[in-house]
Amino acid sequence: MIIKPKLETDITKLYEKHWVNDFDEINTLFHKDEPKLCVLDSETTGLHIIKDKPFMWVFGWMLPKEKRTDEIKGRVFAFDSKAEILLQVIALTKKCVMTVGHNVKYDLHMLINGGISEKVVYGLKNITDTMGLCRFSFDAVSARDGGDVLGLKKVSEKYIDPKAGEFEKEVKKELRKINDAKRNILKELLKPYKGWGLGKIKEAYKVKKRNEMDYFTKEKKQRWLKVPEEIENVYFKWMEENPFADYSEVDRDIMMEYVHSDGIYTLELVEFTYPTVLKRKQKAILEQENKLIIELLKMERVGMKVDMPYLHSCFKKCEDEIQKLYEELWGIVGEYFTVSQGTVIADYFEKKLGERPETTDKSYLKKHKDDRVSQLITRLRRLEKWQSTYISRIIEVAQYDNHFYTQYGQFNTVSGRLGSDAQQFPKERILTEEGELYEKENGEGKAPIEYEIFSPRRAFIVEGGNYNKIAYFDLSQIELRAQANYTVLLKKPDLNLCRAYMPFKCTHYITGEEFRFDTKEERARWYEKKEDGTSVWLLENGESWTPTDVHSETSHNTLMALAFKCVDKYKQYEHEKESPVDEKSFKKFWRYIGKMFNFMRNYGGGAKKASEALEVSMEIANALVSGWSNTFPEVSYYQKQVAAKVQKNSYATNMYGRVYFLSNTDKAYKVGNYLVQGSCADMLKGYVIRIGEFLRENNCKTLPLANIHDELQFLVYKGEEWIFPHIKRIMEDVEWMQVPVVVDLEITETTWADKKEVQIKAA
DNA sequence: GCTGATGAAGG
DNA sequence: TCCCTTCATCAGCG
């Protein structure tokens, strides 16, 4: 059945839109057209990759160029989700050169949730994500700096059809109507209770945004409002009986008007981006990404098991602590407010100090850290953030089956890194005030468990049964190693940075040969030791090589720049006017700012920012700049070279062929970091593919579980510990890295928080 | 309602 | 010339 929707644009009218109940019409036309490019897109009940189901699909294609006319460019078919049709559609996609979807990994989840076996989906070979095509053909500018956001609506509106956003509006309107109707039920229910309307509920409980619509929660907002039990019962019961509406509740006739457009724009995006992808020679790296789609798909479906009772108990602890602190805060200030209300806080400080602060941000509060109000606000902001972002969110996501599922954004980032929400789980626990005091006196990590409010990583536990172990493979300081390697590749190796990771330009204590690192075998000798445990490689002064402590070195050179005299390196410094630096203050202060600045400067940071961020004088900040330059002269050279190259050519290419293109080269200085960050990201992506192959070839049941930038996690199947040395070998074997790559292994049989380091050798 | 600022995290 | 991100909340603007 051919659909003539009310809304058509110059772009969409060139596509024939069908609604079908079975496969016949699709099949007949497909064989008539013999397309090379097809699209698959799902409409689903929500965004949970395991719980939610597809209820409608769009399958379509673009006609081969020779078959197009002025009237028709392609065909799209919408149908209710049924496994039989999907299976036949999948068979057709295999006849195309390319099958695309926008964020296609999500649609692959929905194929599985729609009744297609995992085996069939995991076996798909010609899947390409149009988000990837966008990333590989757009400028390397992050969204923060005004670069493109890759959402289908945004991209199509900008590059394909200014009217692309119109289609969704009708459906959104309809969805809003349904949710409004549900909200009106609550309104009616609340009518008998004076003073407790919808507005008051919104003050008492947090209302989050889902699809730009109000999503009511059970989380407290303005905690001074005491909600009568009766009201709370009415409200909670309403929530249960009236769950937040999703697209499946929208009338099918209205859906039908719009579903085709997503498929059409996705096809159009291929036509728009693909020539640039080819021109920039991005086909090889695109194929890598395509392989990765399936590996990530598998990984996402494993999910991390969470300890729900623990989370619920932490929620309660957090809640009590927040309530307690708020009561103290309101008592002092004499007014009810929340800690994110900057104006109220500014009022307070204006009254107290006679001067109105411009901001009430973290740094302002830190300046008044002896003020109890300042302490309370700082602490409450942290607690509330943790409670809502970690505890509540994990509970919400994991409610379905006690697993936290994350989705990896494969093309979100400019550099090539994966994005995911698992990356922000704090490593450290949050303690009560007493606990923090205890640690101040007795050392970090020393506070006993009764002081602990919440340890995010404690919530993630092993699966159990035959999967009673999680292994974490972590790349040691990989970005700094890659940075060192880039100076080697530029034929100007940075002495200090290289010597942090290998005995660069050192000589053997017996043979006198210089350390070489051109081949794998030569490189592997960096670790060789004498019987007494010191390195066989000797520095110029005859001492055994020890890895340079790059942070101390920057601090040392900063002190030199400030005209300190070195009495004992890293330990004692004297000055004509300033007070001397002893070992303790070197460690606690100078090394700390040296470390912070090392990272800052690698990203292009300057003296002004350093002075602000590290809260030091401009004099010290300037000394850090020159201290850094003296410590890593060739890193400085590298940064200048890359920027100059980008100024000249408008692009640079990382170690895996990923191109960073800039139409406007004002921010060329950023590319130096893109190359380092992006090469490491592609390195990780490569591991995921290769380790996946290894596990398949050996019929392993161990499952890749998660990735966080420089770490890979595996859910280990009982008895398969033999693979650890192989994974380590795969990860440490990086063709282009002349600086040694080192991988550490940690294991837990209980929770993520309790992982312990294990020594192994690469196979 | 949308945007930008702010601030809590990860590397 | 401080890099890449995620997620939540609020003030200001239209």
Side-chain angles (χ1 to χ4, degrees), chain A residues 140-147 172 176 206-215 217 219 221 337-346 358-366 377-390 392-394 396-397 406-409 411-428 430 456-457 474-480 483 596-614 621 625 639 643 660 666-678 680-681 684 706-711:
Chain A
V141 180
S142 66
R144 208 188 72 187
D145 288 344
K172 277 250 168 88
R176 192 159 288 143
K206 285 184 185 167
V207 178
K208 301 181 179 181
K209 289 284 173 199
R210 293 278 186 280
N211 269 323
E212 288 105 51
M213 267 159 274
D214 291 344
Y215 176 81
T217 74
E219 288 172 59
K221 190 177 175 187
F337 65 103
T338 73
V339 288
S340 32
Q341 286 174 284
T343 37
V344 180
I345 299 165
E358 277 182 24
T359 75
T360 54
D361 64 10
K362 200 168 54 167
S363 66
Y364 176 82
L365 293 175
K366 207 174 166 189
I377 293 171
T378 305
R379 201 168 155 69
L380 276 165
R381 280 185 182 164
R382 200 153 93 99
L383 277 165
E384 288 199 302
K385 177 72 186 181
W386 280 51
Q387 194 191 35
S388 66
T389 311
Y390 308 120
S392 298
R393 194 178 150 76
I394 299 172
E396 190 189 325
V397 174
T406 185
Q407 291 181 67
Y408 292 95
F411 305 102
N412 291 5
T413 70
V414 171
S415 64
R417 269 188 175 179
L418 290 171
S420 93
D421 48 5
Q423 75 182 221
Q424 28 161 11
F425 292 136
K427 289 173 102 149
E428 303 306 330
I430 192 164
R457 296 188 174 194
D474 187 290
L475 288 156
S476 155
Q477 301 216 40
I478 191 60
E479 286 194 6
L480 286 175
Q483 176 66 80
M596 292 314 215
F597 190 71
N598 272 349
F599 285 107
M600 250 176 110
R601 188 66 186 179
N602 272 348
Y603 303 142
K608 212 174 140 216
K609 277 284 173 188
S611 156
E612 284 167 23
L614 303 172
V625 174
Q639 290 183 342
Y660 303 103
D666 288 356
K667 301 214 166 171
Y669 78 94
K670 289 191 178 192
V671 181
N673 178 245
Y674 290 173
L675 293 177
V676 171
Q677 193 183 103
C680 292
L684 252 297
N707 156 268
I708 303 173
H709 303 314
D710 63 357
E711 175 182 307

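Within every chain, numbering begins at 1; the chains are lettered A, B, ... in the order of the sequence lines, protein sequences first and strands thereafter.
In this structure, Ile345(A) atom CD1 and dT9(C) atom P are separated by 16 Å, rounded to whole Å. For the pair Arg379(A) CZ and dA8(B) P, the interatomic distance rounds to 13 Å; values are reported in whole Å. Look at CD on Gln424(A): it is 11 Å from P on dA9(B), rounded to the nearest Å. The CD atom of Gln387(A) sits 11 Å away from the P atom of dT9(C) (whole-angstrom rounding). Atom-to-atom, CG of Leu380(A) to C1' of dA8(B) comes out at 14 Å; the value is rounded to the nearest Å. Look at CG on Leu480(A): it is 11 Å from C1' on dG11(B), rounded to the nearest Å. Rounded to whole angstrom, the span from the CD atom of Glu428(A) across to the P atom of dG10(B) amounts to 8 Å. Straight-line distance from the OH atom of Tyr408(A) to the P atom of dG11(B): 14 Å, rounded to whole Å.
Expressed to the nearest 0.5 Å, how far CD of Gln639(A) lies from CG of Leu675(A) amounts to 11.0 Å.
Neither OP1 nor OP2 of dT9(C) sits under 4.0 Å from any side-chain N or O of Arg381(A). Between dT9(C) and Lys206(A), a contact under 4.0 Å exists linking OP1 or OP2 to a side-chain N or O. Phosphate proximity of dG11(B) to Lys427(A): present, with a side-chain N or O under 4.0 Å from OP1 or OP2.
Between the Gln341(A) side chain and the Thr338(A) main chain, a donor and an acceptor come within less than 3.5 Å of each other. Checked by atom type and distance alone, the side chain of Arg417(A) never pairs as donor or acceptor with a backbone atom of Gln677(A) at under 3.5 Å. Side-chain atoms of Arg601(A) never come within 3.5 Å of backbone atoms of Val625(A) as a donor-acceptor pair (strictly under, hydrogens ignored). Judged purely by atom type and a 3.5 angstrom limit, Ser611(A) has no side-chain atom pairing as donor or acceptor with the backbone of Ala621(A). Side-chain atoms of Ser392(A) come within 3.5 Å of backbone atoms of Gln387(A) as a donor-acceptor pair (strictly under, hydrogens ignored).
Nearest nucleotide to the Gln341(A) side chain, out of dG10(B), dA9(B), dA11(C): dA11(C).
With respect to the salt-bridge test (charged N to carboxylate O, under 4.0 angstrom), the residues Glu711(A) and Lys427(A) do not qualify.
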When you compare the protein's N or O atoms with those of nucleotides 1-5 of chain C, which come within less than 3.5 Å of each other, and at what distance?
from	atom 1	to	atom 2	distance (Å)
dT1(C)	O4	Asp666(A)	O	3.3
dC2(C)	OP2	Gly606(A)	N	3.2
dC2(C)	O4'	Gly605(A)	N	3.3
dC3(C)	OP1	Tyr669(A)	OH	2.9
dC3(C)	OP2	Arg144(A)	NH2	3.1
dC3(C)	O2	Gln677(A)	NE2	3.3
dC4(C)	OP1	Ser142(A)	OG	3.4
dC4(C)	OP1	Tyr674(A)	OH	2.9
dC4(C)	O4'	Gln677(A)	OE1	3.1
dC4(C)	O4'	Gln677(A)	NE2	3.3
dC4(C)	O2	Arg417(A)	NH1	3.0
dT5(C)	OP1	Val414(A)	N	2.9
dT5(C)	O2	Gln423(A)	OE1	2.5

